[in-house]
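What follows is a single structure, written as structure tokens, with notes after it.
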Amino acid sequence: QVRLVEYGGGLVQPGGSLNLSCAVSGGTFSLYGAGWFRQAPGKDREFVIAINENGGATVGSAIAKDRFTISRDKFKNLIYLQMNSLTPEDTAVYYCAVGRGVRDYLQESYYDYWGQGTQITVSL
């Protein structure tokens, strides 16, 4: 069974940065594309950014443009989300997800496994 656990959430001031980690266990890491999604209070979960199986390609939403970066470490089985210039609108629960044969990284249905989520709160 593949298991995902997110780390690094918490409270940050506007303009600050955070780096989330997602530990993937129980599967062959190199076979999975990965993505980060988020869900703000009262809103649907939305796509943030994704990376392909070998880390050679990424795709991000307008949310992530020029602020967020995704990367992966094949030796540690980790997916990272580096977030800069955070605003209160980035307050949400952030989820890591992985899938095999992901054809559309923006679509949740292509992801097979999800983490439990980690809360990010951007506030003074």
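Remember, predicted model here, so these are calculated numbers, not experimental data. Along the sequence shown, the residues carry numbers beginning at 1.
Separating the OG atom in Ser17 from the CG atom in Asn84 is a distance of 3.5 Å, to the nearest 0.5 Å. Atom CD in Gln119 sits 4.0 Å away from atom OG1 in Thr121 (nearest 0.5 Å). Within the model, atoms CD1 of Ile79 and CH2 of Trp36 stand 8.5 Å from one another, a figure rounded to the nearest 0.5 Å. In this structure, the separation between CG on Leu11 and CD1 on Ile120 is 9.5 Å, given to the nearest 0.5 Å. Atoms CG and CD, from Leu106 and Glu46 in turn, are 11.0 Å apart once rounded to the nearest 0.5 Å. To the nearest 0.5 Å, the span separating CZ on Phe68 from OG on Ser61 amounts to 8.0 Å.
Tyr105 and Tyr95 fall within a single hydrophobic cluster, where Ile, Leu, Val, Met, Phe, Trp and Tyr side chains are chained together by heavy-atom contacts under 4.5 Å. Both Ile70 and Ile63 are members of a single hydrophobic cluster when ILVMFWY side chains are connected at heavy-atom separations under 4.5 Å. In the hydrophobic cluster analysis, where Ile, Leu, Val, Met, Phe, Trp and Tyr join through side-chain heavy atoms closer than 4.5 angstrom, Val98 is grouped apart from Tyr110. Connection of Val59 to Val48 is not established within any shared hydrophobic cluster, with ILVMFWY side chains joined at heavy-atom distances below 4.5 Å, either directly or through further cluster members. Residues Tyr111 and Val93 are members of one and the same hydrophobic cluster, defined by side-chain heavy-atom contacts under 4.5 angstrom among Ile, Leu, Val, Met, Phe, Trp and Tyr.
Between Leu81 and Asn19, the shortest heavy-atom distance links the atoms O-OD1, 3.1 Å. Contact record, Gly8 with Leu18: O-CD2, 3.8 Å, taken as the closest heavy-atom pair. Across all their heavy atoms, Ala64 and Ile49 have their closest contact at CB-CD1, 4.1 Å.
With a 6.0 Å cutoff to the six-membered ring centre and a 45° limit on the axis angle, Arg38 does not count as a cation-pi contact of Phe47.
Under a cut-off of 6.0 angstrom, the local environment of CG in Asp44 is sparse, with at most 12 non-hydrogen atoms contributed by other residues, nucleotides or ligands.
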Between Tyr80 and Arg72, does a side chain to side chain contact (heavy atoms under 4.5 Å, CB included) hold up when you go through it step by step?
CA-CA 6 Å; Tyr80 299 106; Arg72 60 191 294 159; 5.9 Å; no
Point to revise | Asp90 vs Arg67, side chain to side chain contact (heavy atoms under 4.5 Å, CB included): CA-CA, chis, key distance, verdict | key: CA-CA 11 Å; Asp90 295 313; Arg67 299 191 303 137; 2.7 Å; yes
| request: Give the C-alpha distance, both sets of side-chain angles, the deciding distance and a yes or no for side chain to side chain contact (heavy atoms under 4.5 Å, CB included) between Thr118 and Leu20. | output: CA-CA 9 Å; Thr118 186; Leu20 302 183; 4.0 Å; yes
Exercise for review: Take Phe37 and Trp114 through the ring-ring contact (aromatic ring centres under 6.0 Å, His included) test and state the conclusion after the steps.
Suggested key: CA-CA 10 Å; Phe37 291 75; Trp114 292 77; 5.0 Å; yes
Original post:
Would Gln116 and Val5 satisfy side chain to side chain contact (heavy atoms under 4.5 Å, CB included), going step by step from the backbone distance to the final call?
Top reply: CA-CA 7 Å; Gln116 80 289 349; Val5 180; 4.3 Å; yes
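Side chain of Glu6 to main chain of Cys96: a donor-acceptor pair is present (N/O by atom type, distance under 3.5 Å, no hydrogens or angles). For the pair Asp73 (side chain) and Asn77 (backbone), a donor-acceptor distance under 3.5 Å is absent. Judged by distance alone, with hydrogens and angles left aside, the side-chain atoms of Thr91 form a donor-acceptor pair with the main-chain N or O of Val122 at under 3.5 Å.
When side chains are defined from C-beta on, Gln39 does not count as touching Tyr94, because their heavy atoms never get closer than 4.5 Å. Two residues are said to be in side-chain contact when any heavy atoms from C-beta on lie closer than 4.5 Å; Arg45 and Glu108 meet this criterion.
Between the side chains of Arg100 and Tyr32, no donor N or O sits under 3.5 Å from an acceptor N or O. A donor-acceptor pair shorter than 3.5 Å cannot be found between the side chains of Gln107 and Ser109.
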